[in-house]
Amino acid sequence: MESEQLFHRGYYRNSYNSITSASSDEELLDGAGVIMDFQTSEDDNLLDGDTVVGTHYTMTNGGSINSSTHLLDLLDEPIPGVGTYDDFHTIDWVREKCKDRERHRRINSKKKESAWEMTKSLYDAWSGWLVVTLTGLASGALAGLIDIAADWMTDLKEGICLSALWYNHEQCCWGSNETTFEERDKCPQWKTWAELIIGQAEGPGSYIMNYIMYIFWALSFAFLAVSLVKVFAPYACGSGIPEIKTILSGFIIRGYLGKWTLMIKTITLVLAVASGLSLGKEGPLVHVACCCGNIFSYLFPKYSTNEAKKREVLSAASAAGVSVAFGAPIGGVLFSLEEVSYYFPLKTLWRSFFAALVAAFVLRSINPFGNSRLVLFYVEYHTPWYLFELFPFILLGVFGGLWGAFFIRANIAWCRRRKSTKFGKFPVLEVIIVAAITAVIAFPNPYTRLNTSELIKELFTDCGPLESSSLCDYRNDMNASKIVDDIPDRPAGIGVYSAIWQLCLALIFKIIMTVFTFGIKVPSGLFIPSMAIGAIAGRIVGIAVEQLAYYHHDWFIFREWCEVGADCITPGLYAMVGAAACLGGVTRMTVSLVVIVFELTGGLEYIVPLMAAVMTSKWVGDAFGREGIYEAHIRLNGYPFLDAKEEFTHTTLAADVMRPRRNDPPLAVLTQDNMTVDDIENMINETSYNGFPVIMSKESQRLVGFALRRDLTIAIESARKKQEGIVGSSRVCFAQHTPSLPAESPRPLKLRSILDMSPFTVTDHTPMEIVVDIFRKLGLRQCLVTHNGRLLGIITKKDILRHMAQTANQDPASIMFN
Amino acid sequence: MKLLSLVAVVGCLLVPAAQANKVRESSEDIRCKCICPPYRNINGHIYNQNVSQKDCNCLHVVEPMPVPGHDMEAYCLLCECRYEERSTTTIKVIIVIYLSVVGALLLYMAFLMLVDPLIRKPDAYTEQLHNEEENEDARSVAATAASLGGPRANTVLERVEGAQQRWKLQVQEQRKTVFDRHKMLS
């Protein structure tokens, strides 16, 4: 036992050293990944051996071989741990789907035996809906918590409600009768910090004191957020959507969707939003929802052992996340389809719909905004738009596309600099500096001092007689009869001009700060800042067009549609269109964005302008670069994400991409029954490949199957522990029948159960277009290349990504993970 | 066990919502808000009253009526009345839960950063050994845990210690990946 344990240590150390020293391209991650997965992590109970399902893995294609191998496998015990994946590795979609079908067949075949089996099969069929319901409930509850806490903490920067400390500004003045028409948010119960500390409410002294307290609170929230992230859950920073896209395409990141990440992300999101940084909470809410989905899926063996099924739940969870972030359930489903998911079968569509529905329902019953709406900026005007307004809408689309392209380039350049130079060595300091600069510049301008969601709401709201902000300070014609809805176009007063100046400054400030804020080490989303930028630009354009229509109502275009005294132009609509255009320019969403925006605003009449602006911004943005911000971040981090939207149009053949290349050592293969345990262990230690093809013999090179490195390691280790007589010189037999051996040779080790008997093969003359298509559609990890029926080489997903990077003139060495 | 704890957490978050719906009729939580713009020589004004939804209109809420009787209709046409409700219990519960979780995390963070290194000082020698084979840290923990098999002291404290050690190693790995090597999350 003692010596065996030492041997284990030595064995692992050797394999670890070989991993770090191997110069082969298919090296595993530096060793961090290999270490992590052999311990029972919080989120991964697979190694406990309590789940046997995932190990009973016979990769037959059905057919006659099935029953006999089944029998043989029943004789061997299933090995716990086989069929699981290392951290930072890609899953094998085909294998997972086969496992799931096996499990389903087994449960169905036993269904008729007894009532208990019947209940088990019903439970199995329903467990999907149960997981999705629980995820929706949890997402809705957490989103409500985040909204209420963020509202309160944001107002904490200004002051505090003495009568009830847990009310924010609006809630504090809710029941008060002292609010006036002009100053709707002044009430005696709400005290600003200046009033509490120095006793004055007005005057330069109180302004400075308010300024200082604002900066103090902003800095302390930001510092608290980044410390919590650093100490408890470093994976909780950033937006989360690029990593979730990669996970949904088949990558494994252990701990990214775990309990601690969930808790820290929820808490620090509130702090980050409250500190006034230029970020939003939508992307992190998607991450939070996916964490809930992942955690709940571990309660059901159907999902916890099968990585492909788990990703169905994660797709549904991301729909729930967007649904509670925006109050847009249908938009959430479309967002999950368009942006986040990789495979989206019909079943996932229904489950996503249901998850979004449950989450929206829970959020509404918690009622965070006190007015039965899900999102703060729900506007309800129905003024029509006119055909000539399409021209400024398209202009706004162009602005959105240009801004999107600029933002993506600038942000990626800044993130790359942070990654590779010493700027990235001080994450806490960086967050504090960004928060300080934001707070110092944001306070003087009333539009940036506002919470960004409230700013958007104010910009979306059209000016009626009931508004009294400076943005609505038009010169009223006192003699005209007052009808509430149809206020005619009026000339702007002084308040409007000063508001426009302040909005321009706010626009420039937000554009610059968001570039530096997206990607810092606190949870940060991008949707709300983009919408704010677009809304500001749109409102400015809207007011400009409105004034143009008023002062030049005799021009041809206005004469047709805009009579004098009619309410022609709605600047709030321009703000809406601008917001959609900017968000589309940066994320390159189309359908889901339009649906989200009209679910947000209830403006069904405005679908055509929204679509026009979003299409224009997508075209303009695509002219500068095909990737949205999330794909750009995926490429920056080198995640192995095979984008389904990119086309591969080069005429290379499989023989050009496969390994081994001309000057490389020959392909590392295992033979069917000629190798001993020592040979296999040496091969595993000397190379760092993730898997080895198994051939019949070195002369014939005829393919038998494919064995994964991790499975081999686990199987051999467990055989040494559990089976008697397995020593270094025992023969390893992958075939069905062991070869006849001389009498005194040690007992052979049968490893047929871990062999993948149906690896995918292509010939060496297959065009790479087809190979890339196969990888995308089937979700393969590797593919063997044959020539005249004999095994020639192997193509892995990483090879394909490198090849695509090379043909696109990018750096192929930037593909980091396996 | 996990299922129970998770259901408890979700239940905790949903109970305030359920409670709030029952306590809706508390007088603090509903109001009818009427906004009336400036009219002739009368300034704009906002009126609040705790009335139910069926009484939420200009006639019931706008008191005292600033215009004489015959002008009342014209004035009321300009006003916009809206019924709003909120749940103060929900807000209070959520803020209290949030602040207590933040406080607990702050205490735990202070404990981990200040108190824990002091407690572990007597173990400096074994610490050093562990630090030498830093790569094998996790594996040694796992191997020893696995090999100690049956006669392991299975008390709750030991298990909590083991779980905490494993969690700390995980967080350390994550921190290295994200903050030091910048391999993920830019």
Side-chain angles (χ1 to χ4, degrees), chain A residues 5 8-9 12-13 16 31-32 35-36 38-39 41-42 137-138 141 145 148-149 152 166-167 171 174-175 177 179-182 184 227-228 230-235 237-238 243 255 267 270 295-296 299 362 365-367 370-371 415 418-419 424 427 465-466 468 482 484 519 633 636-637 816, chain B residues 2-3 6 10 13-14 16-17 20-21 28 31 35 37-39 43-46 48 50 77-78 80 84-87 90-92 94-98 101-102 105-106 109 112-113 135-136 138-139 141-143 147 163 166-167 169-171 173-179 182-186:
Chain A
Q5 191 184 332
H8 277 308
R9 281 235 186 141
Y12 291 144
R13 186 189 289 141
Y16 168 68
I35 290 178
M36 277 182 69
F38 273 96
Q39 60 192 14
S41 66
E42 308 270 301
L137 290 175
L145 184 148
I148 294 181
W152 178 71
W166 52 86
Y167 283 156
Q171 300 294 327
W174 213 69
N177 279 328
T179 54
T180 61
F181 187 76
E182 283 76 25
R184 300 194 184 185
S227 330
L228 284 175
K230 184 159 184 191
V231 170
F232 289 114
Y235 278 165
C237 59
E243 285 75 25
I267 291 176
V270 172
I295 292 175
F296 284 121
L299 303 175
V362 169
S365 66
I366 293 184
N367 196 12
N371 51 1
C415 287
R418 192 193 297 144
K419 247 169 116 83
L466 304 172
S468 65
K482 299 294 182 114
V484 178
H633 271 272
L636 174 71
N637 287 317
M816 310 275 262
Chain B
K2 259 197 199 175
L3 175 59
L6 280 162
V10 175
L13 287 171
L14 290 178
N21 282 336
E28 273 185 29
R31 72 171 178 183
I35 307 182
Y39 178 64
N43 288 335
H45 209 276
I46 298 185
N48 278 331
N50 295 331
L77 271 179
L78 297 176
E80 183 186 305
E84 289 177 354
E85 59 181 355
R86 66 173 181 181
S87 161
T90 311
I91 297 177
K92 191 175 8 177
I94 286 183
I95 302 284
V96 166
I97 290 179
Y98 181 77
V101 172
V102 172
L105 280 178
L106 275 177
M109 179 160 77
L112 279 180
M113 306 198 72
N135 315 324
E136 309 242 39
R139 235 185 271 270
V141 169
S147 66
R166 264 179 285 140
W167 172 71
L169 284 164
Q170 261 186 341
V171 174
E173 282 306 323
Q174 286 180 6
R175 207 177 293 147
K176 270 201 278 205
T177 313
V178 174
F179 283 92
H182 287 281
K183 255 193 168 7
M184 266 185 64
L185 291 158
S186 62

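The chains referred to below are lettered A, B, ... by the order of the sequence lines, with proteins before strands, and numbering in each begins at 1.
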Quick one: of B/H182, B/H45, B/M113, who has the most non-hydrogen atom pairs under 4.5 Å with chain A? B/H182
So A/F232 and B/V171, do their side chains get closer than 4.5 Å, heavy atoms only? no
Taking all heavy atoms of A/W174 and all of B/N48, pick out the closest pair and write down the distance. O-ND2, 3.5 Å
List the atom of A/P234, the atom of B/Q174, and the distance in Å for their closest heavy-atom pair. CD-OE1, 3.4 Å
Identify which of B/K92, B/M109, B/R175 forms the greatest number of heavy-atom pairs closer than 4.5 Å to chain A. B/K92
Would you give the length of the straight line joining atom CG of A/L145 to atom CD1 of B/I95, rounded to the nearest 0.5 angstrom? 8.0 Å
Between A/K419 and B/K183 the two heavy atoms that sit nearest each other are NZ-O, 4.0 Å
What part of A/I267 gets closer than 4.5 Å to chain B, counting heavy atoms only: side chain, backbone, both or neither? both
Turns out that what part of B/Y98 lies under 4.5 Å from chain A's heavy atoms comes down to side chain
Please rank A/C237, A/G238, A/G519 by heavy-atom pairs under 4.5 Å with chain B and give me the top one. A/C237
Smallest separation among heavy atoms of A/N637 and B/M184, with atom names: OD1-C, 4.1 Å
